[in-house]
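Structure first, commentary second.
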Amino acid sequence: MPSHVLMLRAGYARMVGAGIYELLPLGTRVLHKIERIIREEMDGAGAHELLMPTFVPSEYFKETGRWEVYGPTLLRIKDRKGGEYHLAPTHEEIVTDLVRREIKSYRQLPLNLYQIQLKYRDEPRPRAGLLRCREFIMKDAYSFDVSEEAALESYAHMRETYHRIFKRLGLEYRVVEADSGAIGGKQSAEFQVLAQTGEDWIVACGACDYAANVEVAQAGRATPSAAQSASLEALVKVETPDTRSIEQVVSFFGGDTKASHTLKSLLYVAGEEVVLAVVRGDHEINEIGLARHLGVEEVVLASDAAVKEATRTEIGFVGPVGFEGRIIADPDAVAVPNAISGAGQTPYHYKNVNHGRDFEAEVVSVRQATSGDPCPNCDGKLELYRGIEGGHIFILGTHYSDKMNATFLDEEGKSRSIVMGCYGIGVTRLIAAIMEQHHDEQGIRWPVQVAPYEVIITPIGKDEEPIAKAAEIYEALRAQGVEVLLDDRSERPGVKFKDADLLGIPVRITIGSRGLKQGTVELKKRTESESLDVPLDGVVDAARAALAELGG
RNA sequence: CGGGGCGUAGCGCAGCUUGGUAGCGCGCACGGUUCGGGACCGUGAGGUCGGAGGUUCAAAUCCUCUCGCCCCGACCA
């Protein structure tokens, strides 16, 4: 059962609109638990919490150009006077404005400010419950330093802090190299929570700690070009109607033709230039890598019309042979001997295409890393995983401080731009991520540190004694500071047990007449199938011991 | 933005093709029997059929428009 179904069934949240949820009391308790851990660690790291507005005048985004750049994802609002506002998707501008007004001297730095607060992004496609929402709670922190070096220290410090947070939340995660988007900056890492329902693909080495988002992972290694291969066969043009995809090409040629015998040729618009990118048929192009190699901000796949104009060929039949223009080819692509590729003419493909003989290209790794690739750091191999981006930290540099004139006076009285870093955690997303990693067929199995309640007491039957004892134990546990839920509904035992499992409370105490006759009650951990009989007068200690074992 | 699907009782759905008294399961209320892993019997409450317009003697059903939600894709040749 995916986490969002569990979440709804167990009564943690309800949908209000697409990508808009309300957290019910149980969900709110989990949220507060997560927030508390984040606050403890952030405060411990020397960051200061503040609260910025969600409803902000457009002038700040206009100052940095994001009013235009952000596009339709930015939720824009007009007030009664026609003034322009937006609901904040992130707070770099607001915090930078605050800091430029307050910070005047190097003596006031470094500084780290954070908040835990709602964010608004009009996502093209919200999905999977709390995993991708249009309104969500984020912890966002911003560091301010006197220099790039100092900023790197702040960054490293935050990275450690994030490790502490993710570990305390009970998450299995990998820190991966990531793209930092249009802002640039060399240091960028995502905290990816491993989960089948994750939207991101990451690769991680089995032997060392290398891990990266496939968007930026270094894929493959230099391999010999086809021209060095022994038996090159003559180029043959074949008429291949209806073969627009690699899949269709492979089945057209049949036999033992594999996607890895073909070349995938993609035409990209990179600024003023049109380039042809070639990867092996079974590989995926890495657009971010391609853009970096070309030194442009982004590359855009050419439209049908643009392909026709540049190649006089239709999509599906484009190829490097005879292409007049810049060709970027992946090392694994040029290593394929006697490859099949589009012939640059509709509807034909070439057989036995060989790099060096039939076409020349700049050979650069421009494909996404995938399972089985060699690790760029060691002799290990990369594994492919799906991840949920739970956190992202990166250095902003002076991108915002330059644009917004956020400066300080250094020791020599010279004005310099503040160097910034930013650090986000998707708090509501983590609720879903934790559920994703901690559940079974019966329901959720919260790690005790984030569970909405630590103990659930389940009196059984209609007799007065179990109910009275349950109330006593409830009070005794509360007096000890244990967060405890009493199921005092007059439901049948089966119903109570199933619900307790669905809710995922880590420890259940079951009280029935049967046990009370022997002076015992039952104690069961959600993660274990067997229960334990404990003496009635020792149940408080037993429950606390069980919680301690679970790490509470 | 493109494609597909769905909006009927609180929840899950049938009914629509072929127009004619709005149904089923769960849940809910009441009564009774049950009571250690989602019991059972009986009685009952509950619906502007997402919205607007149209066709028709008659529309949940046919037509047009519109709103909302879910899934897939967003140019991977």
Side-chain angles (χ1 to χ4, degrees), chain A residues 2 4-5 8-9 11 14-21 71-73 122-129 132 134 197 199 201 214 240 242-250 259 262-269 276-288 290 299-308 310-311 313-320 330 333 340-344 346-347 349 366-368 370 441-443 458-463 466-467 487 489-502 508-517 521-522 524 529 531 533:
Chain A
H4 72 279
V5 177
L8 295 171
R9 275 189 49 177
R14 293 285 181 256
M15 188 176 80
V16 175
I20 304 170
Y21 283 79
T73 305
D122 194 1
E123 296 282 348
R125 180 142 96 88
R127 72 189 90 184
R132 182 166 293 275
R134 297 194 294 171
T197 52
E199 296 181 283
W201 288 100
V214 292
T240 55
D242 302 321
T243 55
R244 295 176 154 263
S245 67
I246 292 294
E247 216 171 71
Q248 289 167 333
V249 170
V250 167
T262 68
L263 300 181
K264 193 190 279 185
S265 306
L266 305 163
L267 198 68
Y268 279 95
V269 179
L276 186 69
V278 180
V279 297
R280 213 169 71 189
D282 58 328
H283 286 152
E284 298 297 324
I285 185 89
N286 177 353
E287 294 182 349
I288 289 171
L290 180 63
V299 291
V300 180
L301 205 56
S303 64
D304 290 27
V307 168
K308 238 174 180 165
T311 65
T313 305
E314 282 175 41
I315 282 178
F317 305 99
V318 176
D330 189 77
I340 294 168
S341 95
T346 310
H349 275 77
V366 287
R367 70 168 174 90
Q368 286 184 5
T370 188
E441 306 72 43
Q442 304 303 316
T458 312
I460 293 300
K462 280 235 165 85
D463 297 342
I467 293 169
D487 188 352
R489 298 174 301 169
S490 56
E491 288 291 348
R492 297 161 57 84
V495 174
K496 292 188 176 188
F497 294 151
K498 291 285 184 190
D499 279 344
D501 287 348
L502 182 61
R508 188 181 83 203
I509 295 170
T510 305
I511 303 163
S513 306
R514 212 166 67 187
L516 287 179
K517 282 192 183 110
V521 298
E522 259 171 49
K524 183 179 170 300
S529 54
S531 65
D533 285 336

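Chain letters run A, B, ... following the sequence lines, proteins first, then strands; residues in each count from 1.
- Using C1' as the reference atom, B:C62 and B:G19 are 8 Å apart when rounded to the nearest Å.
- Pair assignment for B:G46: none, as no Watson-Crick or G-U wobble contacts are both less than 3.5 Å.
- Taking the C1' atoms as reference points, B:G38 lies 31 Å from B:G5, given to the whole Å.
- Atom pair A:D533:CG and B:G36:C1' shows a separation of 12 Å (rounding to whole Å applied).
- Here the side chain of A:M15 is nearest to one of B:C76, B:C69, B:G36, namely B:C69.
- Nucleic acid contact class of A:V495 (heavy atoms, under 4.0 Å, all strands): base.
- Taking 4.5 Å as the limit, every side-chain heavy atom of A:Q368 sits out of range of all side-chain heavy atoms of A:H283.
- A residue-by-residue look at A:L266 and A:G129 shows that A:G129 has its nearest nucleotide of RNA chain B further toward the 5' end.
- Between the CD1 atom of A:I340 and the P atom of B:A77 there is a distance of 15 Å, rounded to whole Å.
- Straight-line distance from the CZ atom of A:F497 to the P atom of B:A39: 12 Å, rounded to whole Å.
- Among B:C35, B:A77, B:G36, the nucleotide with an atom closest to any side-chain atom of A:K462 is B:C35.
- Applying the Watson-Crick and G-U wobble criteria (two distances, each under 3.5 Å), B:C40 pairs with B:G32.
- Scanning all heavy atoms of the two residues, the minimum distance from A:G129 to A:Y21 falls at CA-OH, 3.3 Å.
- When Watson-Crick and G-U wobble pairs are counted only if both distances are under 3.5 Å, B:G19 pairs with no nucleotide at all.
- Atom name P, nucleotides B:U64 and B:U55: the rounded distance is 15 Å, in whole Å.
- Using a 4.0 Å cut-off, some side-chain N or O of A:K264 falls inside it from OP1 or OP2 of B:A77.
- Pair assignment for B:A52: B:U64, on the basis of Watson-Crick or G-U wobble contacts that are both within less than 3.5 Å.
- Nucleotides B:A59 and B:C49 place their C1' atoms 11 Å apart, quoted to the nearest Å.
- Here the closest heavy-atom approach between residue A:P459 and residue A:P466 is recorded as CB-O, 3.9 Å.
- In a base pair of the Watson-Crick type (N1 to N3 plus N6-O4 or O6-N4) or a G-U wobble (N1-O2 and O6-N3), with each distance short of 3.5 Å, B:A14 is matched with no nucleotide.
- Contact annotation: A:R492 does not reach the phosphate of B:G38 (side-chain N/O to OP1 or OP2, under 4.0 Å).
- Across A:L266, A:I285, A:V278, a single residue satisfies side chain to side chain contact (heavy atoms under 4.5 Å, CB included) together with A:V366, and that is A:I285.
- The minimum heavy-atom distance between A:G319 and A:S265, with the atom names listed, is CA-OG, 3.6 Å.
- Between the CD atom of A:Q442 and the C1' atom of B:G37 there is a distance of 9 Å, given to the nearest Å.
- Nearest approach of A:K462 to A:I467, heavy atoms of both residues: O-CD1, 4.3 Å.
- Atom CZ of A:R9 sits in a sparse spot, with 12 or fewer heavy atoms from other residues, nucleotides or ligands closer than 6.0 Å.
- Atom-to-atom, CZ of A:R132 to P of B:G73 comes out at 13 Å; the value is rounded to the nearest Å.
- On the P atoms, B:U8 is 15 Å away from B:A60, given to the nearest whole Å.
- Checking B:G37, B:C69, B:G38 against every side-chain atom of A:D499, the shortest atom distance belongs to B:G38.
- Across the protein-nucleic acid pair, A:D330 atom CG and B:C76 atom P stand 18 Å apart, rounded to whole Å.
- With B:C71, B:G36, B:G38 as the candidates, the nucleotide lying closest to the side chain of A:E522 is B:G36.
- If you measure from atom NZ of A:K496 to atom C1' of B:G37, you get 13 Å, rounded to the nearest angstrom.
- To the nearest whole angstrom, the two P atoms, one in B:G25 and one in B:C40, are 13 Å apart.
- A:K498 comes within contact range of at least one nucleobase, with a heavy-atom separation under 4.0 Å.
- Distances shown here put a side-chain N or O of A:R125 below 4.0 Å from the OP1 or OP2 atom of B:C72.
- B:U18 sits 24 Å from B:G23 when the P atoms are compared, rounded to a whole Å.
- Residue A:R508 places no side-chain atom within donor-acceptor reach of the base of B:G36, judged by atom type and a 3.5 Å distance cut-off alone.
- Pair assignment for B:G73: B:C1, on the basis of Watson-Crick or G-U wobble contacts that are both within less than 3.5 Å.
- Rounded to an integer number of Å, the gap from A:I509 CD1 to B:G36 C1' is 16 Å.
- When the P atom is compared between B:U61 and B:G15, the two are found 15 Å apart, to the nearest whole Å.
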